[in-house]
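A short worksheet on the structure shown next.
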Amino acid sequence: MSEISKAYEPQSVEDKWYQFWLDGKFFVANEHSAKPAYSIVIPPPNVTGVLTLGHVLNNTIQDILCRKARMDGKEVLWLPGTDHAGIATQTVVERTLKKSGEIKHRDDLGREKFLERVWEWKEKHGGIIIQQLKKLGASCDWTRERFTMDPEYSRCVQRVFVDLYKKGLIYRGKRMVNWCPASLTALSDEEVTMKEQRGFMYYFKVEVAEAPGTFLTIATTRPETIPGDSAVAVNPKDPRYAHLIGKHIVRPLPVELPREQKLIPIIGDEHVDFAFGTGVLKVTPAHDKADFEIGARHKLAQIEVIDAKGQMNDAAGVDLRGLDRFKARKVAVERLVALSALEKEEPYTNNVGYSERADVPIEPRLSEQWFLKYPSVEKSRAVVAKGEMKFHPDRWAKVYDHWMGGLQDWCVSRQLWWGHRIPVWSLKITSGFWNYPAGFGPLQKLVAALRDDSPPNESGIEITLSGNGRTSFLHKPIENSDGTLTLFCATTHEEEAVELSKLGFTQDPDVLDTWFSSWLWPFATMGWPEQTETLKKFYPTTDLVTGPDIIFFWVARMIMAGYEYMGDPKFGLPDAMPFQNVYFTGIIRDKQGRKMSKSLGNSPDPLDLIAKFGADALRFGVMRAAPLGQDILFDEQNVELGRNFCNKLWNACRFRQMQGGEVQSEIEPTLLSTDDKWILLKLDAALREVTIALNEYKFSDATAVLYRFFWSEYCDWYVEASKAVLSSSSRRESAQTSESGGESQSGLTSAATNPRAANTLAVIDFVLSHTVRMFHPFLPFITEELWHGMGYATDMPENQGGKTIMFAPWPLPLDDDFKGHYGLDDCYLEMGDTKYDLVSQGRNLRRAANIGASKKIKYILKPVTFMPPHEVEVLKLLLNAETVELNADFLPGKGTLSARNNLGELHLPTEGLIDIAAEQARLNKDLEKIEAEIAKVEAKLANPSFTEKVPVTVLQEHQQRLAEWQGKRDHVKTALAALG
RNA sequence: GCGUGCUUAGCUCAGUGGUAGAGCAUUUCCUUCACACGGAAGGGGUCGCAGGUUCAAAUCCUGCAGCGCGCACCA
């Protein structure tokens, strides 16, 4: 702050200090530190993503928590990193390559070449979001940055997969999965969102084969799947249809098939709701989850009619073959009409599952995938239910519990290339396999293992093929329908993989769901499975800050992984749970309440906002608008307000700079004014409130307190009042040039020679140095600049604020000793408040008298008790008065406006300048209000049950209030009378 | 259907039993020597609706309505 600009310019400050923090290694966590640990792992953003306002919200909160923890003397680890985001990243790269005309399909490049391109893309774009987080001021330990596809991290993923496979928790199965026809991969249930869709319900009739002339009517929304129907189901209790069970109907499609090939049975199944539709359900086991289960119960054929791309296949018949499923729906309806089978169609709205990522309807599809039965479910559920791990706001605990209570196995395989390839190798064998010549080392072992019919555990056995201590896990062979066997072997070891390949095994082509890697994040980033010092020091982490939209995707799964892998006693950790507190942010929306989205274009670029207003302003604006647990409607005005606040802080410090004088000198108790005591007590209150708000994760409350304290209390009242001291002292010595080196630009200062002024500056320094520290977690850049610029760093020990405000101690509320020593009695709060209230009233009189704000005027004060000259000086200054004349016997004449409170009466003679009628109207309005209040309180006090039952303090309060209102009424009446 | 949150000033939101608050917007005045990214003074609300508990309800209870979110889902 050598040159003090009139307005704060964040651009010239922010990059400088960020580099300073990096150079000083202030973000680096020391796992050997004796300080208590505080840790957060970042929710890893998509490596090729860019910063959004959601990230700003999320990471500002984490940064506030970390910076506060550092100031509290904790050893802080904020562990950053990025996520490989399988589908999203692969899709982006694929689309880019297609756009450039380089490929038509990723097959044109092949797996390896394609992956090379994705890595190139990652190298090019991967750093962007990290750089953006730095712009925001994030105090992450960048030396520990991790990526979910780092070699060490990938090994963790493999290790966990193989371990769960060995435990029998991961299995392969042909099941109905959520298939995304756009991304051509299976998805987990969590990646499907239900959307309302307007369509039609089609009613078509079918003939009962055994009873010609008898027809059933079937209602369906998906007539294109008729060729895939292998039964018609009715409820066995349905009297309309029960007698038909066991008979057959003739399926209308495909039309070209002979009648006998289209006969499908009528079955009875409790699943059918006979109140819905016609009570007759077409069963398509290959294309509907519920139908699949009915099919399984009744051993129905699974007829696939839709392929992976969502197009009809040959089995759908000549009419539909090759058509997209939605086009096929129209054609199927046309065919039904042509057959006179369609009875009616009605507009119908139903919910359809959409792929969250690709935004296309999911196609339920039979396919072979890897599934996981979740581990450590009970512990994970209990820890939250019992409140050992706390969710904020806690209602999310219920959501979590509900989900944990209805867990479905997790489909973890994805038909993608970008991700962690599944570490399972398979080989289809025939009987000839058993006759391999003996002595062919590894193979013999394998054969021997298999011949030993009864593997030691149910799911498989551990073997070594490479012979160097590495092992693989050989799963129990799976029998195929053609009599062959498929062997599955899982390993984390390269050498074993080589051996397996030699034997003809091939690795599963699929990769794992991205969340299968990120659920290990809290410990895989800290060196697991080694027993690292980092894990010992920083696990379990303290807080997790994330959005509720990923509570199932990520939070719940991390808890389970934590228990499954960190529960091992060898770690000697106090607890296996990955974090002690989870703070769920709101979701950022635009000011119309819509979600931020690229297609709507309503998502401002945080970097633009930083460039325009500064990072501190963005942080403050977002924090101020983000109450606990509520969605945030974002408006650029919030950021503007943040900038204004920074500017206010800047200028308040600038004002102090201009006074010169010694920095942070001792405060002399005997010289403290009521204003000094008032602001010190207000500071004390603010410190308490902010500390409490932060402990409760109430960031918007905290910013509101900062704003109120600094702007409304410190700047609006204290600084203005302090000018009475600083300027009167200068007036007394007005002829003198300041001795403090020409710094007295404003002409206010002469602190060096005036002890009162010097003491005021000491109070200002005390307040500012506390304020700047209290603001630092929220506004890291400007506070670091001021900390050094104001000279507050100089007296501090090197590691406690001397070098950087980051390690300056968090300001504690004033203790009783301090208050006693400086005479900070609570009565000064009221004295200040009353004085400032009288000032406000006095200014109001000026308005009522239509006197311009800059005109110096004369007030007469009739004080209730003795009024020290200094207080009169303050009043004079705050009222912008030429004089405030003390007159205990003043009797207001006509045209004199008056205000009063407990301090006394303030009179403003107007010499007929006022609009009498307007003033009367104003006073009458006041009077009305006052009398209404008096009536209310009197009514209460007149009620015996009130006076009998109410606590004494409340009673007294009401009595006092009545007296106050009565006093006001008398005053207004007098004023009215004075007007004539 | 189940769960959950919201409904308070024109807007965005605080306020969990005892005198209705903030910021923005708005009106008027002021470019007074920290700040016009500023200062001063105003105006503006029967706290979604209906009951109940209580001396006392924006606040607690019940019901209803509207908006949002999550989960489940009937073809």
Side-chain angles (χ1 to χ4, degrees), chain A residues 4 6-8 193-194 201 218-222 225 233 271-284 288 290-291 350-351 393 395-396 398-399 402-403 406 548-549 551-552 587 589 591 593 613 617 624-625 627 629-635 637-638 640-659 698 700-701 704 707-708 711-712 715-716 719-720 723 727 745-748 839-841 843-848 850-856 880 922 933 936-937 940 943-951 953-955 957-958 961 964-965:
Chain A
I4 314 165
K6 199 168 165 184
Y8 174 55
T193 53
M194 302 306 272
M201 181 72 89
I218 301 172
T220 183
T221 52
R222 300 199 65 188
T225 63
H271 170 79
V272 180
D273 174 359
F274 48 83
F276 189 88
T278 60
V280 185
L281 171 68
K282 68 193 258 319
V283 184
T284 325
D288 184 279
D291 290 4
N350 64 340
N351 285 322
R395 64 189 148 89
W396 293 109
K398 213 170 163 183
V399 176
H402 182 252
W403 188 75
D549 47 335
I551 184 170
F552 309 138
I587 292 168
R589 299 170 180 281
K591 56 182 160 182
F613 298 108
R624 199 174 158 282
Q630 297 299 327
D631 286 355
I632 298 108
L633 300 198
F634 181 82
D635 188 335
Q637 278 188 342
N638 292 325
E640 200 176 330
L641 180 118
R643 177 200 58 183
N644 295 353
F645 188 67
C646 290
N647 190 55
K648 191 76 176 175
L649 176 61
W650 180 259
N651 272 289
C653 289
R654 183 163 167 255
F655 171 76
R656 165 63 188 93
Q657 281 283 65
M658 288 168 128
Q659 308 308 314
K698 292 181 176 170
S700 65
D701 286 14
Y707 193 97
R708 180 206 72 208
W711 202 305
S712 308
C715 290
D716 285 351
V719 172
E720 293 308 317
K723 287 176 183 172
S727 66
Q745 297 159 25
S746 70
L748 290 178
V839 169
S840 289
Q841 289 195 49
R843 287 166 174 172
N844 189 8
L845 298 184
R846 173 197 287 269
R847 275 294 300 149
N850 277 318
I851 301 169
S854 61
K855 189 168 159 55
K856 300 266 184 194
N880 194 27
R922 185 179 74 91
E933 291 297 335
K936 254 200 287 188
V937 185
K940 275 190 174 184
N943 184 349
S945 50
F946 174 80
T947 46
E948 282 162 21
K949 292 185 183 176
V950 103
T953 50
V954 176
L955 185 62
E957 196 190 309
H958 278 74
R961 200 193 307 158
E964 273 171 29
W965 284 119

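The structure presented is a predicted model; accordingly, all values stated were derived computationally and were not measured. A note on names: the letters A, B, ... follow the listed sequences, proteins ahead of strands, and every chain is numbered from 1.
When heavy atoms are screened at a 4.0 angstrom cut-off, A:Ala704 is found touching no nucleic acid atom at all. Within 4.0 Å (heavy atoms only), A:Glu933 reaches no atom of the nucleic acid at all. Nucleic acid contact for A:Val719: base, since at least one base atom lies under 4.0 Å from a heavy atom of the residue. Nucleic acid contact for A:Pro393: none, since no nucleic acid atom lies under 4.0 Å from a heavy atom of the residue. Using a 4.0 Å heavy-atom cutoff across all strands shown, A:Cys646 reaches no nucleic acid atom at all. Contacts of A:Glu948 with the nucleic acid, taken as non-hydrogen atoms under 4.0 Å apart, are absent. Contact annotation for A:Asn350: backbone-only contact, meaning every heavy-atom pair under 4.0 Å involves sugar-phosphate atoms and none involves a base. Within the nucleic acid shown, A:Lys282 has no heavy atom closer than 4.0 Å to any nucleic acid atom. As judged by a 4.0 angstrom heavy-atom cut-off over every strand, A:Asn351 is placed among the base-contacting residues. A:Phe274 comes within 4.0 angstrom of nothing in the nucleic acid, heavy atoms only.
An OP1 or OP2 oxygen of B:rC35 is reached within less than 4.0 angstrom by no side-chain nitrogen or oxygen of A:Lys723. Contact between the side-chain N/O atoms of A:Lys648 and the OP1/OP2 oxygens of B:rG39 is found at a separation under 4.0 Å. Contact between the side-chain N/O atoms of A:Trp403 and the OP1/OP2 oxygens of B:rA72 is not found at any separation under 4.0 Å. Proximity of A:Asn644 to the phosphate of B:rC35: no side-chain N or O atom is located under 4.0 Å from OP1 or OP2.
Side-chain atoms of A:Arg846 come within 3.5 Å of backbone atoms of A:Lys855 as a donor-acceptor pair (strictly under, hydrogens ignored).
Two residues, A:Lys949 and A:Thr278, neighbour RNA chain B, and the one matched to the more 5' nucleotide by heavy-atom proximity is A:Lys949. Where A:Asp701 and A:Gly279 meet RNA chain B, the nucleotide closest to each residue was compared, and A:Asp701 sits on the side nearer the 5' end.
Salt-bridge formation is detected for the pair A:Glu720/A:Lys723: a Lys NZ or Arg NE/NH1/NH2 atom is positioned less than 4.0 Å from an Asp or Glu carboxylate oxygen.
Distance noted for atom C1' between B:rU28 and B:rG66: 39 Å (whole Å). Using C1' as the reference atom, B:rA36 and B:rG48 are 40 Å apart when rounded to the nearest Å. Nucleotides B:rU31 and B:rG39 are separated by 10 Å at their C1' atoms, to the nearest Å. Atom C1' of B:rU19 sits at a distance of 15 Å from the matching atom of B:rU59, rounded to the whole Å. For the C1' atoms, the distance linking B:rG44 with B:rG23 amounts to 15 Å, nearest Å. Using P as the reference atom, B:rG15 and B:rC74 are 40 Å apart when rounded to the nearest Å. Between B:rC69 and B:rA56, the two P atoms lie 40 Å apart (nearest whole Å).
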Output a table of nitrogen or oxygen pairs between the protein and nucleotides 40-44 of chain B separated by less than 3.5 Å.
unit_1, atom_1, unit_2, atom_2, d
B:rA40, O3', A:Arg843, NH1, 3.2
B:rA41, OP1, A:Ser840, OG, 3.1
B:rA41, O2', A:Asn844, OD1, 3.4
B:rG42, OP1, A:Asn844, ND2, 3.1

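Nucleotide B:rU19 holds its P atom 12 Å from the CH2 atom of A:Trp965, rounded to whole Å.
Under the side-chain hydrogen bond (donor to acceptor under 3.5 Å, both in side chains) criterion, A:Lys648 pairs with no residue at all, not counting sequence neighbours. Evaluation of the ring pair (Phe, Tyr, Trp, His ring centres under 6.0 Å) rule for A:Phe552 yields A:Trp403 as partners, not counting sequence neighbours. Partners of A:Trp396 under the ring pair (Phe, Tyr, Trp, His ring centres under 6.0 Å) rule, at least two apart in sequence or in another chain, are A:Phe584.
Distance from the side chain of A:Lys940 is smallest to B:rA56 among B:rC35, B:rC24, B:rA56. For A:Met194, the listed nucleotide lying nearest its side chain is B:rC73; candidates were B:rC55, B:rA20, B:rC73. Ranking B:rA34, B:rC74, B:rG23 by closeness to the A:Arg624 side chain, first place goes to B:rG23.
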| request: Any chance you could list the contact pattern along nucleotides 3-12 of chain B? Use B for base contacts, S for sugar-phosphate-only contacts and - for none, protein heavy atoms under 4.0 Å, 5' to 3'. | output: SSSS-----S

| query | Is there a side chain to side chain contact (heavy atoms under 4.5 Å, CB included) between A:Leu641 and A:Asn638 once you walk through the steps? | reply | CA-CA 5 Å; A:Leu641 180 118; A:Asn638 292 325; 5.7 Å; no

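For A:Asn647 against B:rC35, no side-chain N or O and base N or O form a donor-acceptor pair under 3.5 Å.
Atom CG of A:Asn651 sits about 11.5 Å away from atom SG of A:Cys646, to the nearest 0.5 Å.
The side-chain hydrogen bond (donor to acceptor under 3.5 Å, both in side chains) test with A:Lys282 is passed by exactly one of A:Asp291, A:Thr225, A:Asp288: A:Thr225.
Base-pairing analysis of RNA chain B finds the following stems of at least three consecutive Watson-Crick or G-U pairs, with both pairing distances under 3.5 Å: B:1-7 with B:65-71, B:10-13 with B:21-24, B:26-30 with B:38-42, B:48-52 with B:60-64.
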